[in-house]
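As the structure is a computational prediction, the values presented were derived from the model and not from experiment.
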Amino acid sequence: MKTPEKNKESYVKIKLENLFQTSYSNEPEIGQQRGMKMGTDKYLKMLAKSFPTIASTTTEIINLEAILNLPKGTEHFVSDLHGEYEAFQHVLRNGSGNVKEKIKEIFYGRLSTKEMDTLATLIYYPKDKVNLILKELDTEEEIEDFYRVTLSRLIELCVFAASKYTRSKVRKSLPKEFAYIIEELLSKDDKFLNKDAYYNEIISSIIMLQRAQDFIIAISYLIQRLVVDHLHVLGDIYDRGPYPDRIIERLMDHHSLDIQWGNHDILWMGAASGSKACIANVLRISARYDNLETIEDAYGISLRHLLTFANMTYPNIINASFEPKNDPNKTEYFDDEANQMAKIQQAMAIIQFKLEAEIIQRRPEFEMDHRLLLDKIDYENHTIELNGKIYDLEDGDFPTIDPENPYQLTPEEEAVMERLAHAFTHSERLQEHIRFLVNKGSMYLIYNDNLLFHGCVPLNEDGSLMSAKFDGAEYAGKELLDKFDEAIRQGFIHRKRKGNEENLDLIWYLWCGPVSPLFGKRQMTTFERYYIEDEATHEEYKNVYYEYRENEETVMQLLENFGVDPEKGHIINGHTPVKEKTGEDPIKANGRLIVIDGGYSKAYQSTTGLGGYTLLYNSYGLQLVAHQPFSSREDAILNESDIASTRRVVDRELERKKVAETDVGRKLSEQIKVLKELLAAYRAGRIAER
């Protein structure tokens, strides 16, 4: 059966995308699935169903070859969002300042700074800003004039933003309600006046039919979408801030993105997969940062039994280390709210130490016996021996620990964890969000000659790749990250089956293991931070990767290990806040490595002095964008206070980069090659036209 003409484009797109898999897919090629090789007549006959004539084949070749000569689309890199939904939303809406840059390109010298700021704010928050402006207008004539001027400016800007894409791609981005009208307006050419009356009448009709406000909202969101072609999220969506669930929902609606998992994401992924050790960590951290509402309200997980247990077991909190780090923006707390969070935090900390000991004892290859600390406590004298030295404990209250068997959960602790494990694995919204992270995410990604990952590639002191032994085999570098990637996927897929401990153990190891590319430290000193005053015991010692990443030769060797051309590529990662206040530079190894975690999280901003780094990669090269802290959505709308950003060129292209030089371009070139083979088969008579 012939493919209907109107559906041919989408059919072919699916067929060819299946054929040329993206770099992060594990699916085999369709030709291999069917025992065929590309270029064979059997395969070409299958392709001929989509392109049944010489004319249709040549048309597609011409189309694809034309696309190769378009400018490369803009990539937007963000990292370490840590639940800061409003700040992330604003950066996403303004494209890290990309919207305002395009406004300046079009309207500089024609509009005042105030007018350009108003236009930018309207594009970021069209519904709120339009309503605000309309309240200040007194007459119908003023309102009509506002609509006419604003619509004309938005259309002009939209034409400019759409100019680097094919008409087909723009068409797929159009809001359905106004698709035909916007497509007509985007075809306006100021060089010719033949259709001026036609275009003016469209705008007049929009205003007269009282659809101007809806149209402004629709075209503003279209501009937001067009200024960024693809989004990279380099990990740590969860923890610290209050709304990671809203960030996930926003990402689920994004038109094109990938995610590289962060250590905090892994913790939630492990919890959703049924790891009790990960669940204990998630709850302890959420209580510590006053984010239990995310668990209860966002994901519908009841903490009633945990709270009852914590109140009964720890009636009096005497350890100040368990006091929650309250949200500074939250001004009202119930009298005992902070006390309850401290109790939950202490209860989960002890349960966590016990559950982690089970894993450490079960998996001796993890080489983490040094983190078995509960048996090192002198419960009578309230001291602990670490590395041959005796330390006083801040708190000697351990009501659930049997000194003769310190790692054994009490029946009450076991009951609490059974309820929580069932709740985490059966929360529909949490499962939906983690499924999205699994499907869209990976441990690392190679994209347009750049290597993207969240944390590090663990190294030995001499700069060689650090290895870890799992299941009798040693893994290092790329193979190590591949091993963890597989464990994460298998752990989630088999989350409700018995015998999944092997995968869940590896997911937990990613959170705090000494050879974890997401943790990147020798040990996690949670116990010491809670119970020992001497800060020397709190040191976690970063992997030497963070020293070697300043070395260009080491970075180039890492790129080679992952199969990236070191002469072209860069490593882009987050994880470690860049301390700009102390002079740290996010651009390292002579521009070969870029760190883009500048501190979205409010918890880090006093240290970093910034509100975050992002990165843009367009046809002109790489630009690092440093952002000042975001004030609020209300301030942005009322006072047009955009995030103050500073751009810095990292790597400028000598010639404007085209689609042909990207991963997409290389796939299109392969498609063109196959289509030319089909064309030759038609002309040689091996395949008949239909």
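Under the 4.5 Å side-chain criterion, counting only non-hydrogen atoms from C-beta, I279 is not in contact with V282. Side chains of I377 and T383 form no contact here, defined as non-hydrogen atoms less than 4.5 Å apart. When side chains are defined from C-beta on, Q408 counts as touching E414, because their heavy atoms get closer than 4.5 Å. Within the 4.5 Å cutoff, side-chain heavy atoms of E249 are placed close to those of H433. Two residues are said to be in side-chain contact when any heavy atoms from C-beta on lie closer than 4.5 Å; L372 and I360 meet this criterion. Inter-residue side-chain proximity for V595 and T576 is flagged as met; some heavy-atom pair is nearer than 4.5 Å. Residues I285 and L283 have side chains not in contact (no heavy-atom distance under 4.5 Å, counting atoms from C-beta outward). Side-chain contact between K343 and N311: present, with at least one pair of heavy atoms (C-beta onward) separated by less than 4.5 Å.
Considering all non-hydrogen atoms of both residues, L374 and Y379 come closest at O-OH, 2.7 Å. Between G270 and I507, the shortest heavy-atom contact is CA-CG2, 3.6 Å. What you find for N263 and H454 is that their closest heavy atoms are OD1-NE2, 3.1 Å. For the pair H538 and I532, the tightest heavy-atom approach, listed with the atom from each and the gap, is NE2-O, 2.8 Å. Residues G513 and F519 approach most closely at O-CD2, 3.5 Å, considering heavy atoms. Contact detail for M466 and A476: the closest heavy-atom pair is O-CB, 3.5 Å.
Atom CE of M312 sits in a sparse spot, with 12 or fewer heavy atoms from other residues, nucleotides or ligands closer than 6.0 Å. Under a cut-off of 6.0 angstrom, the local environment of CD in E296 is crowded, with over 12 non-hydrogen atoms contributed by other residues, nucleotides or ligands. The environment of NZ in K496 is crowded: more than 12 heavy-atom neighbours from other residues, nucleotides or ligands sit within 6.0 Å. Other residues, nucleotides and ligands contribute at most 12 non-hydrogen atoms within 6.0 Å of the CG atom of N316. Other residues, nucleotides and ligands contribute at most 12 non-hydrogen atoms within 6.0 Å of the CZ atom of R419. Remark: H422 NE2 is loosely packed, at most 12 non-hydrogen atoms of other residues, nucleotides or ligands lying under 6.0 Å away. Within a 6.0 Å radius of CG in N387, other residues, nucleotides and ligands contribute 12 heavy atoms or fewer. Residue E479 qualifies as open at atom CD: its count of foreign heavy atoms under 6.0 Å is 12 or below.
Ring orientation note: the planes of F470 and Y475 are close to parallel, at an angle under 30° on the 30°/60° scale. The aromatic rings of F398 and F527 sit parallel, their planes meeting at an angle under 30°, below the 60° perpendicular limit. Using cut-offs of 30° and 60° for the angle between ring planes, the Y238 and W268 rings count as parallel.
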task: Let me see the working for F562 and Y444 under ring-ring contact (aromatic ring centres under 6.0 Å, His included), right down to the final yes or no.
output: CA-CA 10 Å; F562 282 82; Y444 69 92; 5.0 Å; yes
task: Output, in order, the C-alpha distance, side-chain angles, deciding distance and verdict of side chain to side chain contact (heavy atoms under 4.5 Å, CB included) for L452 and N573.
output: CA-CA 6 Å; L452 284 56; N573 60 254; over 6 Å; no
- request: Please assess M443 against L518 for the test side chain to side chain contact (heavy atoms under 4.5 Å, CB included), listing each intermediate value before the final yes or no.
  value: CA-CA 9 Å; M443 282 294 297; L518 297 184; 4.0 Å; yes
task: Report the C-alpha distance between E394 and H382 in whole Å, list the side-chain angles of each, state the deciding distance to 0.1 Å, and finish with yes or no for side chain to side chain donor-acceptor pair (under 3.5 Å).
output: CA-CA 8 Å; E394 291 285 287; H382 299 166; over 6 Å; no
task: Using the side chain to side chain contact (heavy atoms under 4.5 Å, CB included) rule, take D245 and Y299 through it: C-alpha gap first, then chi angles, then the decisive distance, then the call.
output: CA-CA 8 Å; D245 57 304; Y299 291 126; 3.6 Å; yes
query: Given the rule in the side chain to side chain donor-acceptor pair (under 3.5 Å) test, do D395 and Y531 qualify, once you have shown the distances and angles that lead to the verdict?
result: CA-CA 6 Å; D395 176 11; Y531 288 100; 4.8 Å; no
field: side chain to side chain donor-acceptor pair (under 3.5 Å) between Q352 and E356, intermediate numbers included
entry: CA-CA 6 Å; Q352 172 191 321; E356 290 178 338; 3.3 Å; yes
query: Are R288 and Y530 close enough, and set up right, to give a side chain to side chain contact (heavy atoms under 4.5 Å, CB included), and what steps lead you there?
result: CA-CA 11 Å; R288 185 168 180 77; Y530 279 133; 3.4 Å; yes
message: Using the rule given for salt bridge (charged side-chain N to carboxylate O under 4.0 Å, His left out), can you reason through E501 versus R363, listing the C-alpha separation, both sets of side-chain angles and the distance that settles it, and then say yes or no?
response: CA-CA 10 Å; E501 288 81 9; R363 302 294 292 269; over 6 Å; no
- prompt: Passes side chain to side chain donor-acceptor pair (under 3.5 Å), N500 versus N503? Steps please.
  reply: CA-CA 6 Å; N500 195 26; N503 293 313; 3.1 Å; yes
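The existence of a salt bridge linking R240 and D80 is excluded, since no basic side-chain nitrogen approaches an acidic carboxylate oxygen closer than 4.0 Å. In summary, K483 and E474 do not engage in a salt bridge, as defined by a charged side-chain N under 4.0 Å from a carboxylate O. Ion pairing of D290 with K325 is absent here, as no side-chain N (NZ or NE/NH1/NH2) approaches a carboxylate O to less than 4.0 Å. Ion pair K588/E550 flagged as a salt bridge, since at least one NZ, NE, NH1 or NH2 atom sits closer than 4.0 Å to an Asp/Glu carboxylate oxygen. Comment: E539 does not engage K521 in a salt bridge, judged by the lack of any side-chain N to carboxylate O separation of less than 4.0 angstrom. Using a 4.0 Å cut-off between charged side-chain N and carboxylate O, K354 and E413 make a salt bridge.
For the residue pair H232 and Q260, no side-chain donor N or O sits within less than 3.5 Å of a side-chain acceptor on the partner.
Taking the ring centroids of H264 and H82, they lie under the 6.0 Å cut-off. For Y617 and H76, the distance between ring centers is not under 6.0 angstrom.
Between the CG atom in N561 and the CG atom in L481 there is a gap of 9.5 Å [rounded to 0.5 Å]. To the nearest 0.5 Å, the span separating CG on L409 from CD on E418 amounts to 10.0 Å. Atoms OG and CG, from S516 and L510 in turn, are 4.5 Å apart once rounded to the nearest 0.5 Å. Taken from CG in L373 to CZ in F353, the straight-line distance is 8.0 Å, to the nearest 0.5 Å. Atom CG of L506 is separated from atom CD of Q490 by 11.5 Å, given to the nearest 0.5 angstrom. The CD atom of Q557 sits 8.0 Å away from atom CG of N551, with the distance rounded to the nearest 0.5 Å.
At least one test fails for K440 against the ring of F436: distance under 6.0 Å to the centre or angle within 45° of the axis. Cation-pi geometry between R495 and F492 is satisfied (NZ or CZ under 6.0 Å from the ring centre, within 45° of the ring normal). Stacking of R246 on the aromatic ring of Y243 is recorded, both the 6.0 Å distance cut-off and the 45° axial limit being met.
With respect to Y545, the side-chain contact (heavy atoms from CB on, under 4.5 Å) criterion is satisfied by exactly one of L558, T554, L465: L558.
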